Chemist: 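Here it is, the structure, as structure tokens.
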Amino acid sequence: MRGPGPEGTPVPRQLLAGDAASVAPTLLNKVLVKGDRAGRIVEVEAYGGAHDPASHAYRGRSPRNEVMFGGPGLLYVYFTYGMHWCANVVCGPVGEAQAVLVRALVPLTGIEAMQADRPAARQVRDLCNGPAKLCQALGIGGLDNGVDLVSGEGAIMVLDDGVAPPRRPGNGVRIGISVATERTMRWWVPDEPCVSKVSAGPLTGT
DNA sequence: CTTTGGATCGTCT
DNA sequence: GACGATCCAAAGG
């Protein structure tokens, strides 16, 4: 007996073995699940390890970014701004620290539980429309750092439920960084209300 | 509707 | 000691 979560199969680990910039748009419309809570991924950013000044791994290995080097399919969770958690899908070969930041979800299941954990969200569309918001909504935190997302056994998974990525995703610069700002490594599902507000800017119109 | 600034602490310099 | 892959409430138009 499965729980009330969506049907689907874990994303094959091999699909995550490429560079973050190649993998990121293919994760659009996949489903991130934790327990009974799930949402469809509609906005992502790629971080390119040692070759990307905006990556946490740019200056090499540290206790904080250790999981980024652990190979495709792991979950890298980090704490920032003194109060927020954010979640990444580690990709690339072992040792390269490629990672895809999950920036927004469309809530699918467990919406009541999400609302209980995010009283500040007044609309369902506000539950998961930001990288720290979705972690709060799904209950993802530091204890989840390093878990395997695609073994099919874990509490947190990335599933393919048969919905293909958009043929022509939105694409633009990353949010909240102060270096490497010229790289357009953010992708989103066009015309999707749950994409984070800051990124619903100029480039969405096409 | 938009803009602004406060919260808050782990991490690395 | 400074800053950050953010969020939210409050104030102003």
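It should be emphasised that the depicted structure is a prediction, and the values quoted were computed from it without experimental measurement. All chains are named by letter (A, B, ...) in the order of the sequence lines, taking the proteins before the strands, and each is independently numbered beginning at 1.
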Chemist: Which heavy atom of A:V33 sits nearest a heavy atom of A:G35, and at what distance?
Modeler: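 For A:V33 versus A:G35, the nearest heavy atoms are CG1-O, 3.5 Å.
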Chemist: Side chain of A:H84: nearest nucleotide among C:dA5, B:dG10, C:dC7?
Modeler: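 Nearest to the side chain of A:H84 among the choices is C:dC7.
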Chemist: With a non-hydrogen cut-off below 4.0 angstrom, is A:A54 in contact with a base, only sugar-phosphate, or nothing?
Modeler: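 It contacts base atoms.
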Chemist: Expressed in angstrom and rounded to an integer, what is the separation of A:Y58 atom OH from C:dA5 atom P?
Modeler: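 One finds 14 Å between P of C:dA5 and OH of A:Y58, rounded.
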Chemist: Whole-Å distance between C:dG4 C1' and A:W85 CH2?
Modeler: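 Going from CH2 in A:W85 over to C1' in C:dG4 covers 14 Å.
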Chemist: Starting at atom CD of A:Q98, determine the distance to atom P of C:dA5, rounded to an integer number of angstrom.
Modeler: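 Result: 17 Å.
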Chemist: Just name whichever nucleotide pairs with B:dT8, Watson-Crick or G-U, keeping both distances under 3.5 Å, else none.
Modeler: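 Paired with no nucleotide.
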Chemist: So which nucleotide from C:dA5, C:dC8, C:dC7 ends up closest to the side chain of A:H56?
Modeler: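 Out of C:dA5, C:dC8, C:dC7, the nucleotide with an atom closest to A:H56's side chain is C:dA5.
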Chemist: If we take the C1' atom in both C:dG1 and B:dT8, what is their distance in whole Å?
Modeler: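 Result for the C1' pair: 16 Å, nearest Å.
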Chemist: Mind checking if A:R118 touches a base, just sugar-phosphate, or nothing, with heavy atoms under 4.0 Å?
Modeler: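 Counting heavy atoms under 4.0 Å across all strands, the contact made by A:R118 is with sugar-phosphate only.
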Chemist: Looking at C:dT6, C:dC7, C:dA9, which one has an atom nearest to any side-chain atom of A:T80?
Modeler: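 Within the option list, the nearest is C:dT6.
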Chemist: Are the charged groups of A:R118 and A:D126 less than 4.0 angstrom apart, N to O?
Modeler: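 Judged by the 4.0 Å cut-off on N to carboxylate O distance, A:R118 and A:D126 do not form a salt bridge.
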Chemist: For A:M83 and B:dA7, give me the distance from atom CE to atom P, rounded to whole Å.
Modeler: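 Nearest whole value for this atom pair: 9 Å.
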Chemist: Hey, does the side chain of A:K133 come within less than 4.0 Å of C:dC8's phosphate (OP1/OP2), counting only N and O?
Modeler: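 Answer yes for this pair, as a side-chain N or O of A:K133 is under 4.0 Å from OP1 or OP2.
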Chemist: Distance check: side-chain N/O of A:R103 vs OP1/OP2 of C:dT6, anything under 4.0 Å?
Modeler: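 Yes, because at least one side-chain N or O of A:R103 sits under 4.0 Å from OP1 or OP2 of C:dT6.
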Chemist: Mind checking the CD-CG spacing from A:E192 to A:L28? Nearest 0.5 Å is all I need.
Modeler: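 It is 10.5 Å, given to the nearest 0.5 Å.
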Chemist: Using a 3.5 Å distance criterion without hydrogens, assess whether the side chain of A:R37 forms a donor-acceptor pair with backbone atoms of A:A137.
Modeler: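 It does hold such a pair.
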Chemist: Can you figure out which of B:dC12, C:dT6, B:dT8 approaches the side chain of A:S62 most closely?
Modeler: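 Shortest atom-to-atom distance from the side chain points to B:dC12.
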Chemist: Without decimals, in angstroms, what is the distance between A:K197 NZ and C:dT6 P?
Modeler: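 About 16 Å, once rounded to whole Å.
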Chemist: How many whole angstroms separate atom CG of A:L134 from atom P of C:dC7?
Modeler: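 Result: 8 Å.
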Chemist: Please work out whether the ring planes of A:Y76 and A:H56 are parallel, tilted or perpendicular, with thresholds of 30° and 60°.
Modeler: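 Perpendicular: the ring planes of A:Y76 and A:H56 meet at over 60°.
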Chemist: Mind checking the P distance from B:dG6 to C:dC3? Whole angstroms is fine.
Modeler: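 Going atom to atom, P in each nucleotide, I get 16 Å.
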Chemist: Please report the interatomic distance CZ(A:R186) to CG(A:L101), rounded to the nearest 0.5 Å.
Modeler: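 Atom-to-atom, A:R186:CZ and A:L101:CG are 11.0 Å apart.
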Chemist: Look at all strands and tell whether A:Y81 reaches a base, only sugar-phosphate, or nothing, counting heavy atoms closer than 4.0 Å.
Modeler: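 Answer is base: heavy atoms of A:Y81 come under 4.0 Å of a base.
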Chemist: To the nearest Å, give me how far apart CG (A:N88) and P (C:dT6) are.
Modeler: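 Spelled out: CG on A:N88 to P on C:dT6 is 11 Å.
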Chemist: Report which part of the nucleic acid A:L101 touches: base, sugar-phosphate, or nothing (heavy-atom distance under 4.0 Å, all strands).
Modeler: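 Result for A:L101 = base.
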Chemist: Side chain of A:S178: nearest nucleotide among C:dG4, C:dA5, C:dC7?
Modeler: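 Per side-chain heavy atoms of A:S178, the pick is C:dG4.
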Chemist: Take atom CD1 of A:I175 and atom P of C:dG4, then tell me their distance rounded to the nearest Å.
Modeler: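 It is 15 Å, rounded to the nearest whole Å.
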